[in-house]
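Atoms considered below: every heavy atom in the structure, side chains included; atoms not considered: hydrogens, waters and symmetry mates.
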Amino acid sequence: MKPGLLGVIGHPISHSVSPQMVNTALRHAGVDNILYIPVEVKPRDLEAFCRSAPLMNFIGFNVTIPHKVSIIKHLSRLDSSARQVGAVNVVKVVGDKLVGFNTDVLGVMSSIPSEVDGPVLVLGVGGAARAAAVALKRKGFEDLVFAGRRMKTVKEFEKFAESRGIRCRFVKMGSATMAEELRRCGLLINATPVGMYPKINETPLKTSFLHRRMTVFDMVYNPPKTRLLRAAKAIGAETVDGVKMLAAQGAEALKIWLGLEADRQVMERAALSALKGFRG
Ligand code: NAP
């Protein structure tokens, strides 16, 4: 393997567990001449970073908050997943050009069951919910409901879904209609940050709405066992945590950058161990 750099850019970036997760996967695969580093990039420095990445021998990098959409104007090309979601979480350096991808879609696809009895209810209408919408459509799910908090972002999501041919309904977060959808729902996806460190005692909905016929997938990965997932497990529902998605999207990125089939179990364990040491 040719030596070079990989990394993750964001602001702030010190909380990221990706360096530990990806470096462990690289060493496990016997790759010891590629290093994955966190790079603090403020919004005003994004263009300068993109221009210099090929000169600094970057093979590629992950993109996180707040650059997932704003980076698009600095890229030469987007692959179909990034075009569909309208956001980029992986960039590959090709010569002096940058190409954008979105591996969150495959991350969601590999975290959810293939079949679901009842509608799929997604909490949130932000970036992660968009990746979920594209993933659910690709998996062939047709009965999709999205719960939004503010009218403005629901309207934006509605436009997004329409332009991608994703048919779905909308309910207001916490409403009686949402409670009704919950009763029938076979898969519940939390695509809000509610429950994330440091507010680990919060849940996006009253846990009395959960039932054992549903699978509950929480995209929040810090902590891995959120209050929502603990409550779902306690009543006998299937649960999937955000670390599984984190490892899956990370493994897809390694495939794009290096053609490497990384060991996802190793990545999950490394992310869990990094999260244990996390103190904010
Ligand atoms: P985002 O674009 O900011 O969207 C967040 C959504 O949650 C918005 O619809 C927002 O509502 C809603 N929301 C925020 N706080 C809320 C609250 N207190 N009550 C109800 N709704 C609330 O964020 P994102 O990028 O989609 O990320 C969402 C979560 O997914 C984060 O925890 C992130 O870490 C996680 N994630 C995990 C992975 C993984 O690999 N596991 C990958 C991507 C994202 P408004 O529209 O009204 O603001």
Which pair of heavy atoms, one from [X] and one from [Y], lies closest together, and at what distance?
| X | Y | result |
| --- | --- | --- |
| Ala232 | Val216 | CB-CG2, 3.7 Å |
| Phe146 | Ala133 | CZ-CB, 3.6 Å |
| Asn57 | Pro3 | ND2-O, 3.6 Å |
| Pro54 | Gly95 | CB-O, 3.8 Å |
| Ala248 | Ser110 | CB-OG, 3.2 Å |
| Met56 | Leu5 | O-CD1, 3.8 Å |

If you count the non-hydrogen atoms of other residues, nucleotides and ligands that lie under 6.0 Å from [atom1] in [X], is the total more than 12?
| X | atom1 | value |
| --- | --- | --- |
| Glu40 | CD | yes |
| Asp45 | CG | yes |
| Arg264 | CZ | yes |
| Glu142 | CD | no |
| Arg167 | CZ | no |

Could you measure the distance from the [atom1] atom of [X] to the [atom2] atom of [Y]? Nearest 0.5 Å is fine.
| X | Y | atom1 | atom2 | result |
| --- | --- | --- | --- | --- |
| Leu144 | Phe170 | CG | CZ | 9.5 Å |
| Ser16 | Met21 | OG | CE | 8.0 Å |
| Thr64 | Ile13 | OG1 | CD1 | 5.5 Å |
| Leu6 | Asn23 | CG | CG | 8.5 Å |
| Phe58 | Trp257 | CZ | CH2 | 10.0 Å |
| Asn222 | Ile200 | CG | CD1 | 9.0 Å |

Practice prompt. List in chain and number order the residues that pass side-chain hydrogen bond (donor to acceptor under 3.5 Å, both in side chains) with Glu181, two or more places apart in sequence or in another chain; answer none if no residue qualifies.
Written response: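 With neighbours one apart ignored, the set is Arg169, Arg184.
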Worksheet item: Under 3.5 Å, is there a donor-acceptor pair linking the side chains of Thr226 and Asp218?
Response: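 Side chains of Thr226 and Asp218: pair found under 3.5 Å.
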Worksheet item: Which is it for Tyr36 and Phe61 under the ring pair (Phe, Tyr, Trp, His ring centres under 6.0 Å) test, yes or no, and what are the steps along the way?
Response: CA-CA 8 Å; Tyr36 184 104; Phe61 52 91; over 10 Å; no
Fill in: Side-chain heavy atoms of Thr215 within contact of Ile112, under 4.5 Å
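With C-beta onward as the side chain, the pair stays apart.
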For the backbone of [Y] and the side chain of [X], can you confirm whether one donor and one acceptor N or O come within less than 3.5 Å of each other?
| X | Y | value |
| --- | --- | --- |
| His67 | Val41 | yes |
| Ser273 | Arg269 | no |
| Lys92 | Ile59 | no |
| Thr203 | Lys206 | no |
| His211 | Ala237 | no |

Worksheet entry | Among Asn89, Asn102, Asp104, the one residue meeting side chain to side chain donor-acceptor pair (under 3.5 Å) with Lys68 |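 One option only clears the test, and that one is Asp104.
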Discussion item. Here's a test for you: under side chain to side chain donor-acceptor pair (under 3.5 Å), which of Arg130, Arg138, Lys137 qualifies with Gln84?
Written reply: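 Of the listed residues Arg130, Arg138, Lys137, the side chain to side chain donor-acceptor pair (under 3.5 Å) partner of Gln84 is Arg138.
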